[in-house]
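Just below is one structure, and these are the notes that go with it.
Each chain gets a letter, A, B and so on, in the order its sequence line appears, and its residues count up from 1. What you see is a predicted model, and the numbers here were worked out from it, not measured in a lab. All heavy atoms count here, side chains included; hydrogens, waters and symmetry mates do not.
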Protein chains: 4
Amino acid sequence: MARKPRQARSKATVNAIVEAAFIAVAQHGPAAATTRQIADIAGISVGSLYEYFSNKEAIFGAMSERFVADTVAMIQPRVPELVRKDMREAILDMLVYFRAFLQENDELYLKCARHAFTMDFEEYLEPVQRLLLDIVTQHMMRHPETARVRNIAAMTYIYINGGIFAVVRHLSEQNPSITFEELSQGLSDMVGHYVDQELALAKQSSHNRSS
Amino acid sequence: MARKPRQARSKATVNAIVEAAFIAVAQHGPAAATTRQIADIAGISVGSLYEYFSNKEAIFGAMSERFVADTVAMIQPRVPELVRKDMREAILDMLVYFRAFLQENDELYLKCARHAFTMDFEEYLEPVQRLLLDIVTQHMMRHPETARVRNIAAMTYIYINGGIFAVVRHLSEQNPSITFEELSQGLSDMVGHYVDQELALAKQSSHNRSS
Amino acid sequence: MARKPRQARSKATVNAIVEAAFIAVAQHGPAAATTRQIADIAGISVGSLYEYFSNKEAIFGAMSERFVADTVAMIQPRVPELVRKDMREAILDMLVYFRAFLQENDELYLKCARHAFTMDFEEYLEPVQRLLLDIVTQHMMRHPETARVRNIAAMTYIYINGGIFAVVRHLSEQNPSITFEELSQGLSDMVGHYVDQELALAKQSSHNRSS
Amino acid sequence: MARKPRQARSKATVNAIVEAAFIAVAQHGPAAATTRQIADIAGISVGSLYEYFSNKEAIFGAMSERFVADTVAMIQPRVPELVRKDMREAILDMLVYFRAFLQENDELYLKCARHAFTMDFEEYLEPVQRLLLDIVTQHMMRHPETARVRNIAAMTYIYINGGIFAVVRHLSEQNPSITFEELSQGLSDMVGHYVDQELALAKQSSHNRSS
DNA sequence: GATGAATGAGCTTTCATTCAT
DNA sequence: TATGAATGAAAGCTCATTCAT
């Protein structure tokens with residue numbers, strides 16, 4: 001069982017371990033990353049590693065939490081700016097931010113994200129989902145006309161899951177068949193057009209009803 | 001004399017191994033599935049297993065190929081029917097087919113697909129992409145007006161990657177926040193609306209140009 | 001989980017492992033005896049050891065069974081001879097047999113027995129208890145007068161537990177304060193005198209009652 | 001100035017460590033009891049523990065000494081009373097005292113004693129032996145007729161070793177085949193009858209000789 | 001070809017012991 | 001003196017791979 005060392009130094013060590021774990025997983029994948037590697041990269045002994053985490057699984061858990069926290073921290077401060085923008089532009093911006101985030105530190109997060117779908121880290125993803133739903137909600141309040149769009153929940157689900165996966169996959173590919181600009185433009189237009197079309201249909205249907 | 005029989009038996013054994021591997025991976029995940037388990041399920045010895053595959057990795061490779069081949073074999077015969085249909089309906093049909101495919105044999109493929117994003121099976125995905133692009137192309141030839149839609153490559157890319165992932169994830173979830181019908185309707189509308197909107201924009205722009 | 005190899009060779013290997021375990025435990029005690037040591041002594045690899053036993057505990061279990069089986073096998077053929085003899089002589093004989101048994105193979109069993117009280121091998125001891133009780137019963141049938149002795153169960157309990165322990169301890173001591181002859185004579189007389197006294201009391205009491 | 005207090009505190013800490021060790025061993029057995037546990041239970045740091053004991057082994061040694069000292073301290077004050085009593089009664093009393101001693105503090109000593117036969121604590125047992133021999137000697141001086149009993153040393157050896165072991169084993173059993181009363185009565189009678197029989201034989205033999 | 005017992009490197013995890021603070 | 005984080009040797013156990021039969 002992991003002892004609970006105090007405060008300052010301990011926090012730094014926990015940090016170092018989690019960072020080392022990201023590096024090890026990026027290099028070898030989660031199955032092949034060993035506790036020894038992680039300890040070595042973190043510059044500590046295996047014994048110390050187990051002072052801070054009760055087992056390998058716990059390290060992976062901390063990685064997920066960290067990844068999610070960093071993702072949220074990256075998007076959070078940009079929310080006000082995003083909700084003010086036009087939807088297509090907001091999505092494009094987010095995709096660009098997301099790409100930069102994944103490519104930081106020699107693509108550390110990107111390399112891990114490739115494997116992340118294996119780890120049961122989906123349970124940790126909830127804060128990200130909540131944040132994105134929050135953005136959608138705020139955006140809708142500022143652009144009330146979009147409230148008429150049907151099936152918002154499904155669209156958000158598709159966009160979050162499919163969008164994230166498509167981006168991660170694209171950035172991981174050696175020779176992608178399309179450019180990142182085409183991809184992000186496509187995602188942005190797919191959502192944008194969908195909303196426009198829904199609004200057109202809504203207007204038309206209300207017109208029909210009133211006539 | 002008996003030259004074929006030997007090859008036939010070989011093929012049958014290879015088949016049995018790959019099927020056993022699917023079962024083992026579905027049960028324990030790719031990292032925890034052992035060669036012993038696979039051999040046992042296949043009803044052969046570990047020694048024989050290595051007669052047909054040079055190592056565990058090779059089995060995973062064969063699984064990817066098989067998965068892709070089966071996917072293609074499932075869609076292929078329905079292509080004529082699909083390209084004849086309205087786009088939204090065609091997509092809905094494909095999603096239903098895909099779901100049935102993943103859920104066959106006690107969700108054998110679904111359970112494997114959850115982990116599949118780890119294995120470097122993406123490189124094998126190309127035949128599926130080609131098939132879907134082929135469907136799109138054929139569809140466009142039968143519905144020439146859609147030829148004006150821009151960015152077809154990107155849309156297909158997004159749809160294939162995002163769509164597949166969203167479906168696999170959705171089917172794997174215990175308590176999905178949306179129903180499969182909402183998901184498939186969403187995916188179908190997202191593409192359908194996108195195309196409609198593109199066509200509307202195209203018409204409008206050609207109108208502008210001609211005036 | 002321990003595979004179950006077949007027949008001949010496997011039986012020999014299992015034997016070798018158990019014997020190696022006795023040697024290792026005799027040398028280092030059960031807590032300090034490692035699977036590596038056992039495998040080395042048995043002349044096999046650690047991997048093989050786990051082909052035959054699912055874990056260290058299982059090896060200890062097999063040791064207990066083996067020890068008990070050997071003990072029974074040593075006494076069993078002498079039962080007819082023992083039950084025919086006078087009680088004191090029978091006990092002396094058994095103690096001499098038991099000593100020889102413990103001192104076989106460079107005191108292999110003796111060295112292990114010292115630690116045996118730790119391992120929960122008491123549950124395996126039942127066959128030995130049953131055998132000794134059987135001897136007592138047979139003896140009583142041949143010497144019907146002893147049937148009047150009270151508290152046979154308690155005496156047997158004390159003799160088995162206390163006697164075995166006293167002998168093991170004595171043989172383990174560097175400088176025992178008494179000789180083995182004194183010890184065995186003492187045990188034999190303790191039981192013999194007890195029975196004689198009980199019979200004397202019984203006779204006297206029946207005499208009193210009849211008068 | 002403050003010279004004693006330091007020693008006093010030292011002594012108190014050593015005491016706390018030994019008591020903690022008893023608790024840890026009772027809970028987990030000697031092999032599984034860790035220095036960390038012992039330090040935690042003692043309310044000190046591992047570092048301090050090594051200030052007072054050079055290693056784990058030394059703690060076990062102190063436990064043995066303490067156990068023996070406590071045993072002696074328990075019997076010592078009752079010696080005058082015991083030597084005055086009839087032998088059978090004296091033995092019964094001692095067994096009852098011993099049981100109470102083992103069952104004190106939620107069976108702390110009993111739980112440890114089960115494992116004690118492993119630790120080389122036998123070398124420390126000598127003071128107990130000396131005490132019991134002393135009791136026997138004093139008893140004989142008060143009951144001079146018993147001086148004719150042969151083999152006193154062997155009887156004492158058997159009684160101490162066999163008796164202690166039988167009692168510890170009995171108290172540890174879930175479903176003992178005999179009651180504690182039967183056991184203690186048996187032990188007391190075994191010794192009592194032995195002595196009576198010896199005296200009878202001695203009288204008879206002296207009679208024979210004188211005639 | 002088929003077998004499966006044998007291998008042993010290598011994994012996760014524990015814990016007695018040390019030593020800078 | 002007291003602390004407890006750090007250490008790392010060493011334990012139990014697994015499993016991909018080989019090879020004698």
Side-chain angles (χ1 to χ4, degrees), chain A residues 1-7 9-10 13 31-40 42-59, chain B residues 6 9-10 13 31-40 43-59, chain C residues 1-10 12-13 31-40 42-59, chain D residues 6 9-10 13 31-40 43-59:
Chain A
M1 224 146 278
R3 223 121 304 297
K4 274 286 158 199
R6 305 255 170 76
Q7 299 296 344
R9 184 139 63 117
S10 94
T13 308
T34 72
T35 50
R36 208 101 83 174
Q37 281 165 19
I38 296 173
D40 283 353
I44 60 170
S45 66
V46 236
S48 289
L49 193 152
Y50 280 89
E51 291 276 333
Y52 295 94
F53 292 93
S54 49
N55 54 39
K56 214 186 166 189
E57 205 59 27
I59 302 178
Chain B
R6 217 179 335 188
R9 189 141 62 100
S10 255
T13 308
T34 71
T35 50
R36 202 111 85 169
Q37 283 163 19
I38 296 172
D40 283 354
I44 60 168
S45 66
V46 244
S48 292
L49 193 152
Y50 278 86
E51 204 73 36
Y52 294 96
F53 292 94
S54 52
N55 55 38
K56 212 185 167 190
E57 206 58 28
I59 302 178
Chain C
M1 226 147 277
R3 222 119 307 296
K4 273 288 158 197
R6 304 253 172 77
Q7 298 296 343
R9 185 138 66 117
S10 94
T13 308
T34 73
T35 51
R36 209 98 85 175
Q37 281 164 19
I38 296 172
D40 283 353
I44 59 170
S45 65
V46 233
S48 290
L49 193 152
Y50 281 90
E51 292 276 332
Y52 295 95
F53 292 93
S54 50
N55 53 41
K56 213 187 168 191
E57 205 59 27
I59 302 178
Chain D
R6 217 184 327 192
R9 187 142 62 101
S10 256
T13 308
T34 71
T35 50
R36 203 111 83 168
Q37 282 164 20
I38 296 172
D40 283 353
I44 59 168
S45 65
V46 244
S48 292
L49 193 152
Y50 279 86
E51 204 72 37
Y52 294 96
F53 291 94
S54 51
N55 55 36
K56 213 186 167 190
E57 207 58 27
I59 301 177

task = List the atom of B:A39, the atom of B:V46, and the distance in Å for their closest heavy-atom pair.
result = CB-N, 3.8 Å

query = Taking D:K56 as the fixed residue, which of D:L49, D:T34, D:T35 is the one that meets the side chain to side chain contact (heavy atoms under 4.5 Å, CB included) rule?
reply = D:T35

request  = Starting from C1' on F:dA11, measure out to CG on C:D40 and report it in whole angstrom.
outcome  = 14 Å

note = From CZ of C:F53 across to P of F:dG12 the rounded distance in Å is 15 Å

request  = May I ask you to evaluate whether A:Y52 reaches the phosphate of F:dA6, defined as a side-chain N or O under 4.0 Å from OP1 or OP2?
outcome  = yes

task = Remember a base hit wins even if backbone is also touched, and classify C:I44 as base, sugar-phosphate or nothing at under 4.0 Å, heavy atoms.
result = sugar-phosphate

D:S48 side chain vs D:E51 backbone, donor-acceptor pair below 3.5 Å = no

remark   = Residue pair A:G47/C:L49 against DNA chain E: nearer the 5' end by closest nucleotide is C:L49

query = Rounded to the nearest 0.5 Å, how far does CD1 of A:I44 lie from OH of A:Y50?
reply = 11.0 Å

inquiry  = Distance check, rounded to the nearest 0.5 Å: B:S45 atom OG versus B:R36 atom CZ?
reply    = 11.5 Å

query = Taking CD from D:E51 and C1' from F:dG4, how many angstroms apart are they, rounded to a whole number?
reply = 13 Å

ask   = So does C:S48 get a side-chain nitrogen or oxygen closer than 4.0 Å to the phosphate oxygens (OP1/OP2) of E:dA5?
value = no

Spatial distance of atom CD1 (C:I38) from atom CD1 (C:I59) [nearest 0.5 Å] = 4.5 Å

query = Atom OH in A:Y52, atom OG in A:S10: separation rounded to 0.5 Å?
reply = 5.5 Å

note = Given Watson-Crick and G-U pairs under 3.5 Å, DNA chain E in dot-bracket ([ ] crossing, | other strand) is .||||||||||||||||||||

Distances under 3.5 Å between protein N/O atoms and the N/O atoms of nucleotides 11-13 of chain E, please, pair by pair.
{"unit_1": "E:dT12", "atom_1": "OP1", "unit_2": "A:K56", "atom_2": "NZ", "d": "2.7"}
{"unit_1": "E:dT12", "atom_1": "OP2", "unit_2": "A:T35", "atom_2": "N", "d": "2.9"}
{"unit_1": "E:dT12", "atom_1": "OP2", "unit_2": "A:T35", "atom_2": "OG1", "d": "3.1"}
{"unit_1": "E:dT13", "atom_1": "OP2", "unit_2": "A:Y50", "atom_2": "OH", "d": "2.5"}
{"unit_1": "E:dT13", "atom_1": "OP2", "unit_2": "A:K56", "atom_2": "N", "d": "3.1"}
{"unit_1": "E:dT13", "atom_1": "O5'", "unit_2": "A:Y50", "atom_2": "OH", "d": "3.4"}

